[in-house]
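Taking it in order: structure first as structure tokens, then the write-up.
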Amino acid sequence: MTRRKRRNHSPAFKAKVALAAVRGERTLAELAEQFDVHPNQIQDWKKKLLASAEEIFGQNAAEAEHREGEAQKLHAKIGQLTMENDFLSKALGRDR
């Protein structure tokens, strides 16, 4: 019996298989046959997906909050610079 060459699966493939396992429409054995992967590997990918799901959603929320704070700071700075520009143009006699 010849040994199978070691395969490297893409992250997209791993996600596809793990999501199929999470859905639970088929057994691990059926998924293993369908995707030609060992059932233990599918179980590992499923666990990894479920463990990292919280990080994915939590990270996006924190990033969105950070971006919103940055946007507020930038809008405040734009307002300040606009006021200074208007004041200086009036002081120099350049009415707009």
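Computed over heavy atoms, backbone and side chain alike; hydrogens, waters and symmetry mates excluded.
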By side-chain contact (heavy atoms from CB on, under 4.5 Å), Gln34 pairs with (sequence neighbours left out) Arg26, Leu31

Are more than 12 heavy atoms from other residues, nucleotides or ligands located less than 6.0 Å from atom CD of Gln80? yes

Review point. If two hydrophobic side chains count as joined below 4.5 Å and joins carry through other members, does Val17 share a cluster with Leu49?
Key: no

Minimal heavy-atom distance between Ile42 and Ala21, with the atoms involved, is CG2-CB, 3.8 Å

One should read off an interatomic distance between Asn85 CG and Ile78 CD1, to the nearest 0.5 angstrom, of 13.0 Å

Closest heavy-atom pair, Arg7 versus Val37, reported as atoms and distance to 0.1 Å, is NH2-CA, 4.4 Å

Across all chains, not counting sequence neighbours, the ring-ring contact (aromatic ring centres under 6.0 Å, His included) partners of His9 are Phe13, Trp45

Sorted by chain and number, sequence neighbours left out, side-chain contact (heavy atoms from CB on, under 4.5 Å) with Lys73 holds for Glu70

_Strictly distance-based, threshold 3.5 Å: is any side-chain N or O of Gln41 a donor or acceptor partner for the main-chain N or O of His38?_
no

Query raised in the report: Should we count CD of Glu30 as having more than 12 external heavy atoms under 6.0 Å?
Result: yes

